[in-house]
Participant: 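Sharing a structure with you now.
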Amino acid sequence: MKYDAIKSLLSTDKIGSTVTICGWVRTFRNDTFLAVNDGSTIKNIQLVIDREEVSEEIRKKLTTGASICATGELIESKGSGQATEVKVATLELLGEANPDEFPIQMKRHSLDFLREKAHLRFRTSTFSAVFRIRHGMTFAIHKYFNDNGFYNLHTPIITGSDAEGAGEMFRVTTLDIDNPPRTEDGKVDEKEDFFGKISNLTVSGQLEAELGAMALGKVYTFGPTFRAENSNTSRHLAEFWMIEPEVAFNDLVDNMDLAEDFLRYLVKYALDNFADDLAFLDEREAKENQSKPANERPELGLLDKLKFVADNDFERITYTEAIRVLLNSKPYKKKKFKFPIEWGIDLQSEHERFLVEKHFKKPVIITDYPAGIKAFYMRANEDGKTVAAMDILVPGIGEIIGGSQREERLDELVEKCKAFNIPEEHIWWYLDLRKFGTAKHAGFGLGFERLVMFVTGMGNIRDVIPFPRTPQNAEF
RNA sequence: UCCCCUGUAGCUCAGUUGGUUAGAGCAUCUGACUGUUAAUCAGAGGGUCGCUGGUUCAAGUCCAGCCGGGGGAGCCA
């Protein structure tokens with residue numbers, strides 16, 4: 001049915017016109033004032049009900065969560081809390097929400113509690129704001145790439161490639177697991193499976209994206225990825241969405257320039273288009289921080305943090321410099337770090353957090369990591385020790401982007417495969433790219449949910465995806 | 001997978017060195033009020049204290065095991 005989005009009515013230019021509101025009741029005060037939200041904005045509209053017009057039977061059922069549709073005149077509000085309100089002429093109760101059973105009441109609920117009510121948490125201000133912004137980020141990502149000459153590439157979700165090396169994979173099979181077909185020597189006969197071989201859910205579209213980039217020039221993927229790691233943290237999901245641009249003829253510096261421009265564009269987009277939702281989340285975060293001890297509070301609130309990122313260049317340092325900074329740091333000298341620091345180790349969370357939150361106080365791009373701690377496809381540097389890799393770290397989240405210039409030299413890549421125990425016949429097609437018209441190219445992966453965490457200030461990744469998939473949990 | 005914390009009303013939490021009938025705020029219900037802003041005021045209902053076992057005259061409180069939730073670490077995005 002046709003109805004007026006609340007978002008379109010909150011400005012006063014439609015005063016005097018008859019409007020139709022459909023939405024869900026937030027509160028009903030004084031048996032007269034009905035706050036209704038329809039999801040078009042974080043703001044509610046106030047419906048004013050004449051008790052002569054709407055029966056007591058209906059009024060009793062206007063409880064939090066009930067759905068209604070009403071028509072009436074849009075008028076200037078006599079109250080001070082809002083500019084406009086609707087003088088109700090007709091009101092239809094569409095669906096009741098029994099207050100004894102409906103779990104979302106007008107009070108502060110913990111995020112833990114709402115996580116267990118994921119089917120209803122959209123009805124809260126916090127989650128509706130988060131998911132509006134999540135949509136906005138999806139749209140802005142496609143817009144950025146489209147405006148900059150990239151082509152969106154759909155890489156496979158089910159993959160027969162087992163060389164991606166990004167983590168444990170989910171097996172995909174149509175075999176009867178209680179009674180699988182077996183070969184003569186008693187092993188499960190993989191040839192009988194749907195694809196005639198072992199297949200899995202993808203952990204990354206990067207290798208396929210490289211194939212696209214080496215013909216279309218600039219491509220990006222934006223799709224679901226799956227990791228069967230037993231990770232129990234507030235920053236990991238078993239099913240998450242990833243953006244992976246890949247650009248032909250780009251080197252590591254081009255790659256960093258792209259990643260930084262891209263991230264800052266997205267933050268600006270959120271500030272420009274989701275001001276109401278961000279203002280609400282900013283206040284929410286501020287209230288939450290009040291209960292924290294002073295030394296755990298971030299120096300900048302959400303909005304200030306986003307503005308700072310939008311307006312300032314990221315810090316760029318090499319891994320080797322980062323190690324030097326850490327070795328000269330106060331916490332290192334006072335032995336506050338739990339993990340040792342020496343050239344060659346992978347940076348721990350505590351080290352990354354120090355660099356980003358205490359030392360530079362801004363997003364940091366770390367480049368040129370030791371070859372031994374990075375993936376096989378990253379391009380070997382001239383020093384023979386490091387590779388052309390880059391990670392972008394942001395305050396509060398840690399690593400949000402990981403990328404590299406890819407190894408385009410066939411001989412070097414074949415050597416790397418040997419060193420990493422990857423049989424050439426498994427990635428013959430990836431090696432073919434270096435045999436025929438090879439060229440330097442680079443790309444990165446951005447974890448979409450980590451981006452949404454950063455932009456919304458939410459502290460747990462399970463609160464920025466509608467239905468999170470984590471170990472031991474696939475509810476809904 | 002490892003370490004730490006935690007489980008008391010629908011929700012958020014308090015509950016002393018073990019001691020009478022387990023409390024508060026919000027939510028709900030009843031009534032009052034009627035231009036309210038998470039309205040207010042008065043009253044009421046609501047509990048197998050996660051589960052199982054143990055110590056004790058006595059366990060929400062102490063001990064053990066199990067189950068659930070959270071935080072941190074590793075792996076990474």
Participant: For RNA chain B, what residues of residues 250-264 of chain A have any heavy atom nearer than 4.0 Å?
Facilitator: none
Participant: Quick check for you: to the nearest 0.5 Å, what is the distance between A:Glu352 atom CD and A:Glu357 atom CD?
Facilitator: 10.5 Å
Participant: Under the ring-ring contact (aromatic ring centres under 6.0 Å, His included) criterion, do A:Tyr220 and A:Tyr151 qualify, and how do the steps go?
Facilitator: CA-CA 6 Å; A:Tyr220 71 103; A:Tyr151 298 106; 9.3 Å; no
Participant: Does A:Ser234 have a side-chain nitrogen or oxygen under 4.0 Å from the phosphate oxygens OP1 or OP2 of B:G72?
Facilitator: yes
Participant: Kindly point out which of B:G35, B:A73, B:U34 is positioned nearest to the side chain of A:Gln46?
Facilitator: B:G35
Participant: Could you grab the distance from atom CG of A:Leu120 to atom CZ of A:Phe127, nearest 0.5 Å is fine?
Facilitator: 12.0 Å
Participant: Got a second to check how far A:Phe33's CZ is from A:Leu62's CG, nearest 0.5 Å?
Facilitator: 14.0 Å
Participant: Tell me which nucleotide among B:G74, B:C76, B:G35 gets nearest to the side chain of A:Ser231.
Facilitator: B:G74
Participant: What is the nucleic acid contact for A:Ser77, judged by heavy atoms within less than 4.0 Å: base, sugar-phosphate only, or nothing?
Facilitator: base
Participant: Give the nucleotide from the list B:G74, B:A38, B:G35 with an atom nearest to the side chain of A:Gln348.
Facilitator: B:G74
Participant: Going by number, which of residues 110-139 of chain A have a non-hydrogen atom under 4.0 Å from RNA chain B?
Facilitator: A:Ser110, A:Asp112, A:Phe113, A:Arg115
Participant: Expressed in whole Å, how much space separates the C1' atoms belonging to B:U1 and B:C11?
Facilitator: 34 Å
Participant: According to the Watson-Crick and G-U wobble definition with distances under 3.5 Å, which dot-bracket string, read 5' to 3', encodes RNA chain B, using [ ] for crossing pairs and | for pairs with another strand?
Facilitator: (((((((..((((.....[...)))).(((((.......))))).....(((((..]....))))))))))))....
Participant: Can you see if the side chain of A:Asn460 gets near the phosphate of B:G71 - specifically, an N or O under 4.0 Å from OP1 or OP2?
Facilitator: yes
Participant: Not counting sequence neighbours, which residues clear side-chain contact (heavy atoms from CB on, under 4.5 Å) with A:Phe339? List them please.
Facilitator: A:Gln348, A:Glu350, A:His351
Participant: Start with the C-alpha distance between A:Glu73 and A:Lys87, add both sets of side-chain angles, then the distance that settles salt bridge (Lys or Arg N to Asp or Glu O under 4.0 Å), and finish with yes or no.
Facilitator: CA-CA 5 Å; A:Glu73 190 189 343; A:Lys87 190 168 187 283; over 6 Å; no
Participant: Applying a 4.0 Å non-hydrogen cut-off, can you work out what A:Gln82 is touching in the nucleic acid: base, sugar-phosphate, or nothing?
Facilitator: base
Participant: Remember a base hit wins even if backbone is also touched, and classify A:Glu352 as base, sugar-phosphate or nothing at under 4.0 Å, heavy atoms.
Facilitator: nothing
Participant: Please tell me if A:Asn30 has a side-chain N or O lying less than 4.0 Å from either OP1 or OP2 of B:G35.
Facilitator: no
Participant: Would you mind classifying the nucleic acid contact of A:Ile401 as base, sugar-phosphate or nothing, using non-hydrogen atoms under 4.0 angstrom?
Facilitator: sugar-phosphate
Participant: To the closest 0.5 Å, what do you measure between NE2 (A:His441) and CG (A:Asp251)?
Facilitator: 12.5 Å
Participant: State which of B:U37, B:U30, B:C75 makes the closest approach to the side chain of A:Ser80.
Facilitator: B:U37
Participant: If we take the P atom in both B:A44 and B:G23, what is their distance in whole Å?
Facilitator: 14 Å
Participant: OP1 or OP2 of B:C76 sitting under 4.0 Å from any side-chain N/O of A:Thr233?
Facilitator: no
Participant: Of all the choices, B:U30, B:A73, B:C76, which nucleotide is nearest to the side chain of A:Lys60 once you look at every atom?
Facilitator: B:U30
Participant: Please classify the nucleic acid contact of A:His109 as base, sugar-phosphate, or nothing, using heavy-atom distances under 4.0 Å.
Facilitator: sugar-phosphate
Participant: If you apply the rule salt bridge (Lys or Arg N to Asp or Glu O under 4.0 Å), what do you find for A:Glu260 with A:Arg264, and how did you get there?
Facilitator: CA-CA 6 Å; A:Glu260 182 172 342; A:Arg264 287 168 60 192; 3.1 Å; yes
Participant: Between B:G68 and B:U8, how far apart are the two C1' atoms, rounded to whole Å?
Facilitator: 15 Å
Participant: Side chain of A:Arg29 only, heavy atoms from C-beta on: which candidate in B:G74, B:U36, B:C29 is closest?
Facilitator: B:U36
Participant: For the P atoms, the ones on B:G7 and on B:C13, what distance do you get once it is rounded to whole angstrom?
Facilitator: 10 Å
Participant: Within less than 4.0 Å of OP1 or OP2 of B:C75, is there a side-chain N or O belonging to A:Arg235?
Facilitator: no
Participant: Please report the closest heavy-atom contact between A:Tyr265 and A:Ala140, naming both atoms and the distance.
Facilitator: CE2-O, 3.6 Å
Participant: Examine the base of B:G35 for any acceptor or donor lying under 3.5 Å from a partner atom in the side chain of A:Glu85, and report the outcome as yes or no.
Facilitator: yes
Participant: Hey, could you give me each pair passing disulfide (SG to SG under 2.5 Å) that has a residue in residues 31-141 of chain A? Not counting sequence neighbours.
Facilitator: A:Cys22-A:Cys69
Participant: Counting the atoms with a prime plus P, OP1 and OP2 as sugar-phosphate, which does A:Asn230 contact under 4.0 Å by heavy atoms, base, sugar-phosphate, or nothing?
Facilitator: base
Participant: Validate the cation-pi geometry between A:Lys416 and A:Phe376: distance from NZ or CZ to the six-membered ring centre under 6.0 Å, angle to the ring axis within 45°.
Facilitator: no
Participant: Working to the nearest 0.5 angstrom, can you tell me the gap between A:Phe226 CZ and A:Leu237 CG?
Facilitator: 11.5 Å
Participant: For A:Pro103, answer base if it contacts any base atom (sugar-phosphate contacts may also be present), sugar-phosphate if it contacts only those atoms, and nothing otherwise; contact means non-hydrogen atoms under 4.0 Å.
Facilitator: nothing
Participant: Roughly how many Å apart are B:G71 and B:A59, using the P atom of each and rounding to a whole number?
Facilitator: 35 Å
Participant: Mind checking what makes salt bridge (charged side-chain N to carboxylate O under 4.0 Å, His left out) contact with A:Glu85, not counting sequence neighbours?
Facilitator: none
Participant: Looking only at atom C1', what distance separates B:A24 and B:A9, rounded to whole Å?
Facilitator: 11 Å
Participant: Could you check whether A:Lys305 makes a cation-pi contact with A:Phe454, meaning its NZ or CZ is under 6.0 Å from the centre of the six-membered ring and within 45° of the ring axis?
Facilitator: yes
